[in-house]
Amino acid sequence: MEKYVILGGAKLEGEVEISGAKNSAVALIVATLLVDGVCVIENVPLVSDIYVLVDIINKLGGRAEFVDKGVLKVDSTQLEHCEAPYEMVRKIRASSYLMGALLGRFRQARVAMPGGCDFGVRPIDLHLKGFEALGAKYSVEAGGIVNITADDLHGASIYMDTVSVGATINIMFAAATAKGQTIIENAAKEPHIVDVANFLNSMGANIKGAGTDVIKVKGVDALHGGNYAVIPDQIEAGTFMIAAAATGGDVLIKNIIPKHLDSISAKLLEMGIEIEELDDSLRVRSSGEFKKANVKTMPHPGFPTDLQPQILTLLTAATGTSIVTENVWDNRFKYVEELRRMGANVSVDGRIAVIEGGGRLTGSPVSSTDLRAGAALVIAGLMAEGVTEIYNIKYIDRGYEDFEKKLRSLGAQITRRVDGEKGKSVVIA
Ligand code: EPZ
């Protein structure tokens with residue numbers, strides 16, 4: 001089992017290039033199954049969730065292969081069947097998108113309930129409600145295999161009880177080739193929703209309104225192949241913004257869309273951290289002293305839940321008492337126990353965490369509980385006095401490309417070790 005070993009105290013300084021958005025890329029890759037043709041997707045982040053999807057597509061009879069670094073070619077013309085391999089599907093949340101894509105292509109899908117990070121219940125009732133509205137029927141068989149069938153798919157008006165990224169994307173997939181117009185109300189507005197709609201439209205779909213509360217999809221008979229590039233990852237960018245602030249550093253974060261980071265920039269400015277916005281980059285500077293703040297996670301354009309662990313970690317060093325309210329997931333504070341091992345003074349009651357700032361964390365062995373919690377623990381290690389070991393970093397590998405390499409290029413003292421590996425000091429030459 002691999003771990004990170006971090007010697008805290010180094011200020012992050014320099015420039016970092018942000019990779020393609022993991023949560024967009026996973027949806028775009030599955031969307032290629034809707035296309036009876038060849039798609040080439042550029043700026044794909046090389047993270048483990050992507051490799052799982054590539055394997056699934058090849059098992060379904062498609063041909064998915066990297067033709068250059070970050071350039072994935074998918075030929076779905078030979079797609080044979082609509083049953084996704086159980087074990088692979090269980091590994092990642094994004095496999096739920098296979099339901100909408102296979103239903104849209106074949107009018108049938110057999111997909112196990114998806115896996116993914118564990119921070120509370122992760123239902124798919126809104127996905128299934130959307131498919132039913134479009135004319136499909138489903139049953140859940142032994143092992144949690146969801147079997148979805150439709151004689152045909154027709155347009156419908158669907159009001160989302162809860163704003164859901166996954167359900168919005170899955171319904172867009174199934175509606176793209178349905179007969180007639182589908183209206184999705186109370187739709188999610190994340191940047192990756194817009195990216196998926198732009199991808200589908202470039203393959204011949206007719207989707208309007210992505211990025212607003214109301215998305216209109218006019219079904220088309222078929223989608224054709226084409227080329228597309230994934231947008232930059234605003235969660236990776238936000239993670240590096242917070243890491244720069246946490247270490248009192250000065251970092252230029254490149255290859256981003258600053259607009260996607262408005263809520264993070266606003267919060268860091270409120271804390272007294274300097275943010276300079278340029279065309280496709282942001283500069284973050286901090287003296288290492290910053291004020292407390294209150295954070296409420298919300299669907300986009302609110303503060304993203306996927307940066308909640310990272311900003312809470314930063315707030316442990318702020319002057320004063322901060323409150324973080326997690327409004328999206330019902331149990332996304334598990335990692336706080338690990339921060340407490342490092343001396344953080346945080347109390348959690350349901351969806352609310354109260355952080356007594358001002359102290360300095362102390363290095364300690366900790367364990368990552370999910371992808372973004374893992375990234376937060378890395379930030380904690382960078383801030384802490386002494387050495388921190390982070391176990392279960394396979395979670396981090398799911399969503400951060402070259403994470404320790406990018407951090408080392410900014411001066412971080414971080415290295416990846418196989419647990420039990422002796423010797424070799426943490427200090428990186
Ligand atoms: C996506 O998950 C992201 N994952 C998550 O990022 C992110 O936290 C989440 O969106 C919110 O932004 C991917 O894109 C692969 P939701 P998703 O459907 O689609 C409830 C990361 O770290 N809900 O928007 O699963 C649900 O319980 C990951 O990159 C229903 O009730 O999230 C939650 O409370 C972690 N019924 C809320 O909606 C449903 O059918 C938002 O979930 C679906 C969702």
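Order of listing sets the numbers, starting from 1, for every ligand and every atom in it. What you see is a predicted model; the values in this text were computed from it and never measured.
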Check this for me, if you would: do Asp370 and Lys334 make a salt bridge, where the nitrogen-to-carboxylate-oxygen distance has to be below 4.0 angstrom?
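The answer is no: the pair does not qualify as a salt bridge.
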Ion pair present between Asp419 and Lys3, side-chain N to carboxylate O less than 4.0 angstrom?
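Salt bridge: yes.
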Any N or O on [X] sitting closer than 3.5 Å to an N or O of ligand 1?
{"X": "Arg93", "value": "yes"}
{"X": "Val26", "value": "no"}
{"X": "Val328", "value": "yes"}

Angle class for the Phe199/Tyr228 ring planes (parallel below 30°, perpendicular above 60°, tilted otherwise)?
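Rings of Phe199 and Tyr228: perpendicular, as their planes differ by over 60°.
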Which part of Arg332 is near ligand 1, with near meaning a heavy atom under 4.0 Å away: side chain, backbone, both or neither?
side chain
Backbone, side chain, both or neither: what part of Thr305 comes under 4.0 angstrom of ligand 1, heavy atoms only?
side chain
Numbering the atoms of ligand 1 from 1, which are under 4.0 Å from a heavy atom of [X]?
{"X": "Lys22", "result": "21 (C), 29 (O)"}
{"X": "Thr162", "result": "38 (O)"}
{"X": "Gly166", "result": "18 (O), 19 (O)"}
{"X": "Arg372", "result": "21 (C), 22 (O), 29 (O)"}
{"X": "Val165", "result": "10 (O), 12 (O), 16 (P), 18 (O), 19 (O), 24 (O)"}

From [options] - option closest to [atom] by heavy atom:
{"atom": "atom 43 (C) of ligand 1", "options": "Ser24, Ala167, Pro123", "value": "Pro123"}
{"atom": "atom 18 (O) of ligand 1", "options": "Pro309, Ser96, Ser164", "value": "Ser164"}
{"atom": "atom 4 (N) of ligand 1", "options": "Leu126, Asn23, Asp161", "value": "Asn23"}

Between the side chain of [X] and the main-chain N/O of [Y], is any donor-acceptor distance below 3.5 Å?
{"X": "Glu236", "Y": "Ser19", "answer": "yes"}
{"X": "Asn186", "Y": "Asp213", "answer": "no"}
{"X": "Asn392", "Y": "Ser367", "answer": "no"}
{"X": "Asn327", "Y": "Thr297", "answer": "yes"}

Arg110 and Thr149: side chain donor to acceptor below 3.5 Å
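No, no side-chain donor-acceptor contact under 3.5 Å.
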